[in-house]
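Labels below follow one simple rule: chain letters A, B, ... track the order of the sequence lines, proteins then strands, and each chain is numbered from 1. What you are looking at is a predicted structure, and each value in this text was computed from that prediction instead of being measured.
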2 protein chains.
Amino acid sequence: MEKPAVQKPSRVTIREVAIDAGVSVAAVSKVLRDAYGVSESMRLKVRKSMAKLGYRPHTAARGMRGQTFTLGMILPDLRNPFFSDILAGVNSALERTQYQVLLGVSQSGTTFDDALVDSMIDRQMDGLILIGPTDQQQLLDIAKRKPLATIGNHAPGVSSYDTVNNDDYEGGTLAVRHLSSNGYRNIAMLSLITESTIITQRELGYRREMMEQELGSYINVVRARQTMREVQIAAKKLLEAPDRPEAIFCWTDFIALEVISVATEMGLSIPRDLAVVGYDNTMYCDFAQNSLTSVDQSGELLGLQSVRLLIERIKGRTESEHFVVTPRVVARNSSADRLG
Amino acid sequence: MEKPAVQKPSRVTIREVAIDAGVSVAAVSKVLRDAYGVSESMRLKVRKSMAKLGYRPHTAARGMRGQTFTLGMILPDLRNPFFSDILAGVNSALERTQYQVLLGVSQSGTTFDDALVDSMIDRQMDGLILIGPTDQQQLLDIAKRKPLATIGNHAPGVSSYDTVNNDDYEGGTLAVRHLSSNGYRNIAMLSLITESTIITQRELGYRREMMEQELGSYINVVRARQTMREVQIAAKKLLEAPDRPEAIFCWTDFIALEVISVATEMGLSIPRDLAVVGYDNTMYCDFAQNSLTSVDQSGELLGLQSVRLLIERIKGRTESEHFVVTPRVVARNSSADRLG
DNA sequence: CTGAAAGCGCTTACAG
DNA sequence: CTGAAAGCGCTTACAG
C-alpha cells in the first residue's frame, strides 16, 4: 500500500490542551466527558484552552477505551421517502446531545447485511438503529453485541432491545374501515413477500376488519416483491380478473403509485373505477396527479423515539421498552366517496 | 456518565491471532494490510488462525495509526430518489475493495454542515464524497484535510480534489432542443435559488439554446427554494401570467412533479396546455400519471466514478481528475409533440 | 479535587 | 523474511 497523500496538519491533542491549561491529561479527559470530580475553576481553564487551540476530540482514540458518541442507523433502501421523515426525527432528537448518526444502506431482503452490521460494530458505534428486516435470531445476536433499537419490527416479548412502531394492525384496520365507509366493498390488499412482522400485522388488520364489515368473501391478499416489474404483474393480474376489486390497499405509497400507474394505463379512472390507499403518507401523496389517500405512521415521531430509547439503553437501562404510536388515515381523492 | 451496559464478549485481537499462529503481532498486522515482506507460508498460517478465531480488525485501533477503510458520503437530503441511483454506483464500486461507505445527511443550504464534515474527519474517514453544495472555499479547506471527491460541483480548475459531474450545460441545451423540436416555443425554466455551479450551468445551457433556436424573447428563469410552498408559489405565478409558458424546464424531477400538480389543480392538461421536463430521470418519471420527460445524468455512473477517483487519491494520486458524463433526454408524454 | 501510569488494538520504523 | 518496541490519542482505575 502506498503512502496516503493526506498531510495531517498535526491535530491538536488532549496533551497540548493540558499543557496550555497547565493541568494533567487526565483532567482534560474528565472535562471532555463531563465526568465528576473536577473543580469549576479547572473546568473553565480547560474549556478556554480547548476553544483557544481549536481542540477536537479524536473519535477513534476515544473509541479505544470509551464511547465514540456515534450511532449507526441502517435503512433498507434510499428510494422510499418515508425514511426521510424518520431521519428528521432522529436529527431533532440528536440536536442537543453529543451523539451523531451515520447511515448505512442494506440492500438485502429479509435480514440485514451482516457485513454492514459488523462494520458498524467494528467502527465502535455506541448503538444501532435498525429499520426493516425482522429476523429475530439476527436481531437477538446483534443485541448481544450492541445496544439496539429497531423501527418497523414488532417484538413485544423481547427484552434485550427496544422497538419503535406504529400499530400496523390498527393501520390495516383503519384502511379497510375508511374504504368501507366510503362505499367500497370489494377491497383487495397488495402486500409484500416478506417475513416482516409489520406486514403480517397490516394483513391481519385488513383481514379482521373485512370480516368485521361483513366483507369476508372479498378478502384477497396478493403479495409481490418490491420491484417495479413484480408489482406491475401483480397489479395487472388483480385488475384484469373478472371480479376486479373496487379498491386496493397497498402496503406502502410507493407501490400504491405504481398501482395507479398500471390502472391509468389500462384506461381505468381513479377513484371512479378503482380506489387506492397507500401507507406512510409520504410527500408524493400530496401531488394532485396522485392525490393518494394514505395511512400516516408519523415517521418523525418514530425516529425521535428510537434515538431516545437507544441513548437510554447506552446509558445503562436494561429492561426493554416497546413504543407504539397509533396511525391515522389521511384521506385524499384516490379513495373519494363513491356516492359523493 | 454511567457505565455502558454493553457486555463486550472480549473481542479477538491481533495478539491472540499471533499467538495462535505462532508468529509476531507485527506479522499479523502485515498480513492484515497485505503489506509486502511476508512469506507465503506465514500468510497462510495467519489467515487460517484469523478464520479459526473469527478475527475482525478493530477499526478504531487501525485508525489511530493507519487507515479506517471507511469513506464518508454526505447527501443534501433523503427525499430525492436520485441519490439512490448514486448509491447503487457507489456500492458496486466498493464491492471488491476493503472499503465501506457511511452516509451523513446535511440539511443545510449552500454549504455542507461543518459539524457533520468535522465529525466524519474526527472519525478518521479515509476520504469524503460530497454531494451538492459548491462553496469553493469550504471545499478547498476540506480537501486540505482529507482526500475529497465531489458530485454535482463544477470546478474544472481545481487541483486539490476530484469532481464527477454530468455536463449540466449540455443538459440545459438538450432540454430546450427537445422541447423546441416538439413545437414548444415559450419555454420557461424553473430553477433553484443557490450558488450551485450545476444550476448555473443548466441555466446557461437553457439561455444559450433559447438564443440558438431564436426563442430569446421567451427566456424566463424563475428561481425558488426547494420547499413545496415556494415551488407552488413560483409555479402558480408562472402559470397565471398573461404570457403563460407552453413548457417549463425544471431543475429536478421532484420540482417538475410539483409543477404538474399545480397545473393539474388549475385545470390545465399535460402536455396539451403545458409541457414539463425534469432532470435526473428518477423512477417517478415512469409512473403513467406523471410520464415525465427528464434529462438522465446517469447517477449510477457518477457514484461509481466518484469512488474510483477517491480511492486513487487516497492511495496517493495528487493531480486532480474531473470526470464528466454526457446527459441524454428520456422523452415521455409530458413533452409530447404538439402536432402529434 | 488532581495527576502519574497503564493500557485500549493496532501500525510503523528499525534491527536483526 | 521476521519481530521487539514505541507510539497513535484517548480513558480508567488507583494513589495522593
Whole-Å distance separating the CD1 atom of B:Ile19 from the P atom of C:dG9: 12 Å
Between C1' of C:dC1 and NZ of A:Lys45, the distance in whole Å: 12 Å
B/S/- contact track for nucleotides 10-16 of chain C, protein heavy atom under 4.0 Å: SBB----
Carboxylate-amine/guanidinium proximity below 4.0 Å for A:Lys48 and A:Asp20: no
B:Thr97 side-chain N/O to B:Tyr99 backbone N/O, donor-acceptor pair under 3.5 Å: yes
For residues 73-88 of chain B, which side-chain N or O atoms pair as donor and acceptor with protein atoms under 3.5 Å away, sequence neighbours left out?
residue, atom, partner, partner atom, Å
B:Asp77, OD1, B:Arg79, N, 2.8
B:Asp77, OD1, B:Asn80, N, 3.0
B:Asn80, OD1, B:Phe82, N, 3.1
B:Asn80, ND2, B:Thr252, OG1, 3.4

Bracket string, DNA chain C, 5' to 3' - pairs by Watson-Crick or G-U geometry under 3.5 Å, | interstrand: |||.||||||||.|||
Any A:Ser24 side-chain N or O less than 4.0 Å from OP1/OP2 of C:dG3: yes
Carboxylate-amine/guanidinium contact B:Asp34 B:Arg47, below 4.0 Å: yes
Salt-bridge contact B:Asp126-B:Lys315 (side-chain N to carboxylate O under 4.0 Å): no
Spacing of OG belonging to A:Ser196 relative to CG belonging to A:Asn153, to within rounding of 0.5 Å: 7.5 Å
N/O donor-acceptor pair under 3.5 Å between A:Ser320 side chain and A:Val158 backbone: yes
Whole-Å distance separating the CD atom of B:Glu16 from the P atom of C:dC8: 11 Å
Electrostatic pair A:Asp122:B:Arg62 at N-O distance under 4.0 angstrom: no
